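First comes the structure, then the notes that go with it.
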Amino acid sequence: MFSPGTKRLSSSSRVRVQNAPDSPLTPVPENQVPHRPATGTPAPWAPRLSVLARIPAGNKVNKNAEVDPTKPVFVGDFPPAVRDEQASFLQSRPPGYVRTSGGIDHATSLTWIICQNKIFIWNYSSPATVKKCIALNIPTVISKVRDKNRKLYDRTDWLVCVVNWDGTHHQNNNVTQHCNSAGIVMCSKRSRAVVYWPEIFSDSETDPIISFASSDELDVSPVDDKASPDSLQQHGRLGNISAGYGIFNSLIATSIPGSKKECVALACSSSGELWQFHCGPSVINRKLMYEEMGSSFSQGSDIGHSTSRKVALRSLSWRSPSVSLKRSSQQFFLLTDHEIHCFNLGLDLEVSNLWSQEIVGNDGDVGIKKDLAGQKRIWPLDLQVDDGGKVITILVAIFCKDRVSGSSYTQYSLLTMQYKSGIDVPSGAVEPLQERVLEKKAPLQVIIPKARVEDDDFLFSMRLRVGGRPSGSAVILSGDGTATVSHYYRNSTRLYQFDLPHDAGKVLDASVLPSTDDCEEGAWIVLTEKAGMWAIPEKAVVLGGVEPPERSLSRKGSSNEGSTEEERRNLTFAGNVAPRRASSEAWNAGDRQRAVMTGIARRTAQDEEAEALLGHLFNDFLMSGKVDGSLEKLQNAGAFEREGEMNVFVRASKCIVDTLAKHWTTTRGAEIVAMAVVSTQLMDKQQKHLKFLQFLALSKSHDELCARQRNSLQIILEHGEKLAGIIQLRELQNRIGQNRSSGVGSPFPGSESDASGALWDLIQLVGDRARRNTVLLMDRDNAEVFYSRVSDLQEVFYCLEKQLDFLVNVDVPLEIQIRRASELSNACVTIVRTAIQFRSEYHLWYPPPEGLTPWYCEPVVRNGLWGIASCVLHLLNEATRVESSVKSEIFTHLQVMTEVLLEAYAGAITAKVERGEEQRGLLQEYWSRRDTLLDSLYEQMKNLAAARHKDLNEGNGQENEENFQNLSAQLLGVAKRHEGYRTLWSICHDLNDFGLLKNLMRDSMGPKGGFSYFVFEQLYEKKEFAKLLRLGEEFPEELSIFLQQYRDLCWLHEVFLHRFSSASDTLHALGLSQDEGNITVVEDGVEPRDLNLTLSDRKRFLNLSKIAALAGGKDPDAEIKIKRIEADLRILKLQEEIMDLDIEAKQNIGQQLLPPDDLIKWCLKSGSPELILRSFDIFAWTSSSFRRFHKSLLEECWKSAADQDDWGKLHQASTIEGWSDEETLRVLRATMLFQASSRCYGPEAETFEEGFEEVLPSRQENMEPSVLKESGSSVEAILMQHKYFPDAGKLMLMAIELGSVRSRTDCEEGPLPME
């Protein structure tokens, strides 16, 4: 690995390394191929189906812990056609000539390599068994100068771009849909010839379209006809590059929408030119789009003064990762030697400059500050953009001179820029934006502080790649064939150099392995010259990275030959570790938080010892069947300390079920799953896992795990569930294959569009996802990986959810969609039901289930089940023209899927409840999906029953009903178990089976009264009150609970139950209820029945309440209730009388029941003496609490009563006429104060509860001035505020006094307050 300054090993040392136990072994006879080195990387041209297969079983299968995590992983070999061409090339190559070139297209996963006069293209992510290689012949004549053809043998001269005609960028979650249509654009760096293949996947080989550079164009960049390829590569040292030598150094291309195999390519040169090539099926049009002119700048006195020259262009890059002109335009970046340009490419292929920003200047806040001490020159080398098009990373080399020692060195750095927030640059801008668009995302990250000074070719051949794991890392590719990963880790930069032995050749390119998760980076993948494809795992970068040394990024020696051993000590902690994702410690100033593997869940030495001991004890048990002292040994070794996946027992169980058998390796593609060895290996795993469970039981380790680590024990047993499930899935795949070959077992015949089957495609998806997530498996077949990674069986449901559109394509005929959906449904049901059956069969092995969630109840499984269930439901609704037998089969699949899905939800909810976690969101999702599925199943069931009845074309209604009952039996059971009350009600209602309804009501008791409550709601909504009350005869308590919110019916049920006192209370409340009181609680989902009670209805309810109170005579409070009811009846009668007296009030109020306070206000507002007098009657028949609470309103009544008579005239008349006592009494009896006093304080005054004296006394007892100021202390105090009280106060008080002591029967005038 990356070990700076390491001396080359001697021959003997290299032999020892080659024979190390954990190194790849490829036995090849010596001197079989000429020029083959005797040591180093195994010969890539030798037959090797799998790197993993070449590793000894002891190291790879049973002891994963011994694999060095800091090493790269072999992914795949070159296709055989490439190997054959390389072998032929080795025989015929010119002496000393070994150059080759290649690259990786990230968007399409296509890899290309040029060997001799051919370019080979293949998809590196495809398994070896299905890998297809395309070979294209490169024209040997690449330029015409002065009527002479020029040939060039240097294969590194080409720039290559892949144009994807599929129109979609490679999506992470669509891993199996490889590019099926693409074109190739090639451009010669020096001759500027362009070669274009419109379609590389066509069956017939077609000649490419070629465009040669004109003589005028080549005059700008003269090339010596006699120059050798080697001499063309040599141009001197730094700072001496010729200004006129303009070779192409970057090429990008994109498809043109709406055209037929047309694309546009852009190339930039070191002489400041930007060229556009419009490539069509028959011709290539060339156009010079842009030429950068400026002044070169210098730093320091050694370079000299500024001279006018063309500015070198370094790199081109699309802003958007999806390089297609599907939108109105596409933006791209151009990196020069001191700034960044952003251009817009429109549909008309016109290029406009949107903005430019200097990154090398005097302001260090916006880039790299020049003219610092020691700096001599700054070179931006390459530019890359993240997938979001917001973050730009630039590789920078700074030529420096040490002012003390005078030595020169180069500093390599990464500059990260991002768009400023709020900056919006429209694509159609006429003038370039003048303001700054970019800002620094983070400080300049120094990769190597002091590296050796390289020549020009090496420096300007360096390329940058971004986007791989760990998040935020970058790969720097050097011209001599090395790849270095830079990663900011724990507040410092760490470097990891991919460096295979020299016989592996150079690194041609690096890219990012397409990840299987959205918004997640993949591992770095490297294309080598001779050793195929290799991946750099995330763990290798984190653990194998070292501090930046003072050395070059090339294969050459370091300027600081320090101790290698000291650097190697940085790797001593590597060991065997389990990766754990965590939040990044790296600098972050961008929009999104980028995750990096900053934490490593390390396994300690104790874990290693415990795992080794467990393996030894288990092997002894397999040999002898004895477990003597195993528990004590394991306890002493700390085997029970870890929980979950890190538990040594869990790791041992996972090792058993996930063993990758060596002899499964095959190159026969899909035939692997037809071999009996697959089933045999799975059965062997199952037997060994059962032996492991027996070992746990006999050694008492099971009891220890059950007591201390229930979760770990459940994971171990779930491995058995998954193993049983995948065995049954394997048997299902066999049956499907046999039926497909024989043409039976399916309602539809086979077709070419569905040759493989949905289950096979799903297996490919899951296997491919596992290969991408675990780069160690990249050279294995998808099906082989799928049937080996048993512990990851839930990935089936993940891929099912994410790739359902691919698995059941809506573009194929409906019959094929139905067949594929049925296959997937059957597979899911098989897996889950087998797991449940395993759990039931071995239930005594399981720990107490409280709080533990089974794996098949996890969200990933539920979402996958819901996805396929929704798909089947959609197909069932669409299947109007298919046969009834087919619809019946789809219905059965959906019914079984519904049952499995709802059981998964029930298990998840139960576990959440037991753990005390919030489950409202999960319940809402469960209810919603349950009702959707059950309602749809019921509608389809009715349609099927009707169709069967129609097909019979005979029979009576009884037979139709029996048919309906048979179809609904299973659905009835599912709805009953999962409280699908709406479905239960619909079945009973349509069958008109009241007996079945009552049986279900007895059995289905859930929250809120269960099914009974739901039935009551339905009957109330349908206003079937007679049926509702009849059910109350058998379900009295349930109906009582339900009718508490429906008082208009509740009293009838209470009378039936002889609860007369309760019935009286209900009727009393109903008679006095306001309109809003009859509204049902919204969350109950029941629409309220508008009672629209009139005053007569209310009077009737109050009278019934009185009768019920009398019927319940044993109630000690019956007498008080009756008095209260009579008081309310009188108030109700008062309202009727008021309505008769006040026409306006009758029109405004109508039949609405007014509260007593509102009724009193209406009386006062009317100004009628009679109505004002009635207000005192209302106060009398309310409660004492009402009178106290509305004391101010009572005071207003007294004030209004005093204002009804002209006390000034009465006082004047009594004085002038000299009234006698009899005359005074006669006159005062006619006043309102006398009548009000008689009704409130008189001997015949009737009030409910305490009288008026307790609330408002008639006379003032305390005559102190402070008390008299309180107008509400008594009626006398209120009257003292009257304007005539100073003169007629005696008459007023006399009227109050006479009214309180005289009987109403003595009054000659004035109406009685009540009858």
Side-chain angles (χ1 to χ4, degrees), residues 24 26 28 33 36 41-54 73-91 100-106 108-138 155 158 160 162 170 176 178-184 186 197 199-203 205 500 503-511 513-514 525-535 665-672 764 768 771-772 775 777-782 784:
T26 306
V28 180
V33 180
R36 176 188 180 273
T41 302
W45 46 82
R48 53 176 176 183
L49 300 176
S50 170
V51 170
L52 296 179
R54 295 183 290 107
V73 176
F74 181 73
V75 170
D77 198 2
F78 292 137
V82 178
R83 284 298 178 207
D84 294 341
E85 193 71 18
Q86 287 179 334
S88 172
F89 177 63
L90 287 173
Q91 300 286 350
T100 187
S101 63
I104 306 172
D105 184 70
H106 174 65
T108 59
S109 298
L110 293 178
T111 306
W112 59 270
I113 193 168
I114 298 176
C115 189
Q116 298 200 81
N117 63 338
K118 292 183 180 180
I119 178 172
F120 297 90
I121 305 161
W122 71 96
N123 192 314
Y124 71 83
S125 64
S126 300
T129 55
V130 296
K131 192 169 292 183
K132 178 182 178 182
C133 181
I134 298 169
L136 303 174
N137 292 316
I138 302 175
R155 301 308 167 195
W158 293 103
V160 179
V162 178
H170 188 93
T176 61
H178 302 300
C179 178
N180 297 314
S181 179
I184 292 291
M186 296 178 59
W197 284 272
E199 179 57 74
I200 62 174
F201 291 101
S202 62
D203 296 332
E205 184 176 354
L500 296 175
D503 68 332
K506 299 178 181 180
V507 173
L508 301 181
D509 199 3
S511 184
L513 188 69
I525 192 163
V526 176
L527 172 65
T528 64
E529 185 180 15
K530 300 177 182 179
M533 305 288 293
W534 292 74
T665 304
T666 178
T667 57
R668 288 179 289 171
E671 295 180 11
I672 182 174
Q764 294 296 308
D768 193 65
R771 289 172 57 242
R772 293 173 186 272
V775 292
L777 304 174
M778 277 299 295
D779 64 330
R780 292 287 180 131
D781 183 84
N782 288 337
E784 179 185 1

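Here the structure is a predicted model, which means the values were calculated and not measured.
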Value for NZ (Lys530) from CZ (Arg83), rounded to nearest 0.5 Å, stands at 10.0 Å
Atom pair CD1 (Ile200) and CD1 (Ile134), whose distance is rounded to the nearest 0.5 Å
4.5 Å
Supply the atom-to-atom distance Ser109 OG to Asn123 CG, rounded to the nearest 0.5 angstrom.
5.0 Å
Kindly write out the residues that satisfy side chain to side chain donor-acceptor pair (under 3.5 Å) with Asp84, not counting sequence neighbours, or none if the list is empty.
none
Of all heavy-atom pairs linking Cys133 and Val82, the shortest is SG-CG2, 4.1 Å
Any donor-acceptor N/O pair, Glu85 side chain to Asn117 backbone, under 3.5 Å
no
Test item: Met533 and Val526 side chains (from C-beta on) under 4.5 Å apart, heavy atoms:
no
Side-chain contact, heavy-atom cut-off 4.5 Å: Ile114 with Met186?
yes
Do Ile119 and Ile113 pass the side chain to side chain contact (heavy atoms under 4.5 Å, CB included) test, and can you show the C-alpha distance, the side-chain angles, and the key distance before you say yes or no?
CA-CA 6 Å; Ile119 178 172; Ile113 193 168; over 6 Å; no
Testing the basics here: between Thr528 and Leu508, what is the closest heavy-atom pair and its distance to 0.1 Å?
O-CD1, 3.8 Å
Test your reading of the model: is there a side-chain donor-acceptor pair from Glu529 to the backbone of Lys506, 3.5 Å cut-off?
yes
Tell me, please, which residues at least two apart from Ser511 pass side-chain contact (heavy atoms from CB on, under 4.5 Å).
Ile104, His106, Ile525
Phe120 versus Cys115, closest heavy-atom pair with distance:
CE1-CB, 4.1 Å
Counterpart residues, salt bridge (Lys or Arg N to Asp or Glu O under 4.0 Å), relative to Asp509 (two or more places apart):
Arg465
Would you compute the distance between atom NZ of Lys118 and atom CG of Asn137 and round it to the nearest 0.5 angstrom?
5.5 Å
Any Val73 side-chain heavy atom under 4.5 Å of Trp534 side chain
no
Heavy-atom nearest pair, Leu527 first then Trp112, reads CD2-O, 3.8 Å
Is Trp122 close to Phe78 at the side-chain level, that is, under 4.5 Å between some pair of heavy atoms?
yes
Do Tyr124 and Leu513 come within less than 4.5 Å of each other through their side chains, counting heavy atoms only?
yes
